[in-house]
Amino acid sequence: MTGRLQHFDMAAVREEFPILSREAYGKRLVYLDNAASAQKPRAVIDAMAQAMEHSYANVHRGLHLLSNESTAAYEAARTTAAKFLNAASVDEIVFTSGGTDSINLVAYALGASQIGEGDEIILSVMEHHSNIVPWHLLRERKGAVLKWVDISDDGEIDLDAYRAAFSKRTKIVAISAMSNVLGLATPAKELTRIAHENGALALFDGCQAAVHGAVNVQDIGCDLLAMTGHKLYGPTGIGVLYGRLDVLKRLPPFRGGGEMIDVVTTEAVTYNDPPHRFEAGTPPILEAIGLGAALEWMMKKGVASIASHEARLTACALEELRKLNFVKLYGQARGKAPIIAFNVDGAHPHDVSAILDRMGVAVRAGHHCAQPLMKRLGVSATARASFAIYNDSDDVEALIEGLHKTHKMLG
Ligand SMILES: *Cc1c(COP(=O)(O)O)cnc(C)c1O
């Protein structure tokens, strides 16, 4: 993505997020749980309210004014998502209910058509459960075989192990474009090239990557990519499955219902073309409109500018965290996005987060839906601080101060 990097007026950016004006236990709200879900700017809240107050009706089926306006807004969100990902066509954008739903759709539809007993699926050990369990279901249902690629101690994918994981039976690689625990991106373009050389499809879990930098599906060359609305400053209940058109055309439906059909008789049914084939029933109309507004808002701010702001903040946070000899950091490779997993010596991460919470600092603690990664790191859980566009150096300071206090209390 080109364009001049802008430096944000942080007070103005923060004002766009109504929730940031509230306090937590009488203290400044320091929201560092963005990798779980981001807060919403006024632009998103207003777009959804406007849709409900002014143009609400069901989509596609009506021939009246409100239905047409609602359909136009819903389809405009699809166009925005296509632009955001640089998809070649709007028909490559399927609206789903979230990142999890996007990956389940792929696993189910591939399992129904192209993956059978003994066929292989390549995953990495740092996947989110959303990109593990749908494939386990396929293993259970179809006898597919899961092949796991390890990471280095620094958190980078082991490319030699990746190359070695392919066989004639490999049907698809399903790998995160960015870990939701370590904040490290995988070399998606390279991984795709190797997958294609081996005749396999390449699916990326882009739920984090799409938040913290430009994801250009044509440049990556991937076949499929999942992302989720609520981490992109949009609402819950909406996600995107990008699929190259020829790939989507070869996938059978995931769910049956209205809108995904061509002709239905009492004897038989024929299906609509992608993307509608995969959008059975009344879709999440308001949520799609909200996501469209969120993506427009991000593009207006500049995806690269957001990433650059986050990179400065992350560098500053890492520098301060490395000074704390009682804090252990995970995933120390270069180029870390603003997702920082850590532990405090001698303290359970749940206690760390509970103490920080009382100081107004919201971080997450647990296995982060990545139990195989926890096992690889040799821990049962970590704390995780993650930044977004509205976080600033005051937030980093609050985190560091909170960790000093935590260490005094628990260490
Ligand atoms: C959040 C997340 C998911 C799941 O997305 P949902 O919106 O919860 O369905 C999948 N993968 C990664 C990497 C995530 O961060």
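Keep in mind the model is a prediction, meaning the values are calculated, not measured. Quick note: residue numbers are just sequence positions, from 1. Every number for a ligand or one of its atoms is a count from 1 in the order of the listing.
Here's the thing with Asn180: none of its N/O atoms is less than 3.5 angstrom from an N/O atom of ligand 1. Residue Ser130 has no N or O atom closer than 3.5 Å to an N or O atom of ligand 1.
Between Phe8 and His309, the ring-plane angle classifies as perpendicular under the 30° and 60° cut-offs. The aromatic rings of Phe95 and Tyr74 sit tilted, their planes meeting at an angle between 30° and 60°.
Looking only at atom types and distance, the side chain of Tyr31 has no donor-acceptor partner in the side chain of Asp395 under 3.5 Å away.
Around atom 1 (C) of ligand 1, the closest heavy atom drawn from His368, Lys231, Met178, Glu127 belongs to Lys231.
Each of the atoms 10 (C), 11 (N), 12 (C), 13 (C) of ligand 1 lies under 4.0 Å from some heavy atom of Asp205. Atom numbering of ligand 1 starts at 1 in the shown order; those under 4.0 Å from a heavy atom of His230 are 6 (P), 7 (O), 8 (O).
Salt-bridge annotation for Asp150 and Arg376: present, with a side-chain N of the basic residue lying under 4.0 Å from a carboxylate O of the acidic one.
Without hydrogens or angle criteria, His230 side chain to Pro235 main chain gives no donor-acceptor distance under 3.5 Å.
Regarding atom 6 (P) of ligand 1, its nearest protein heavy-atom neighbour is Thr100 OG1, 3.6 Å.
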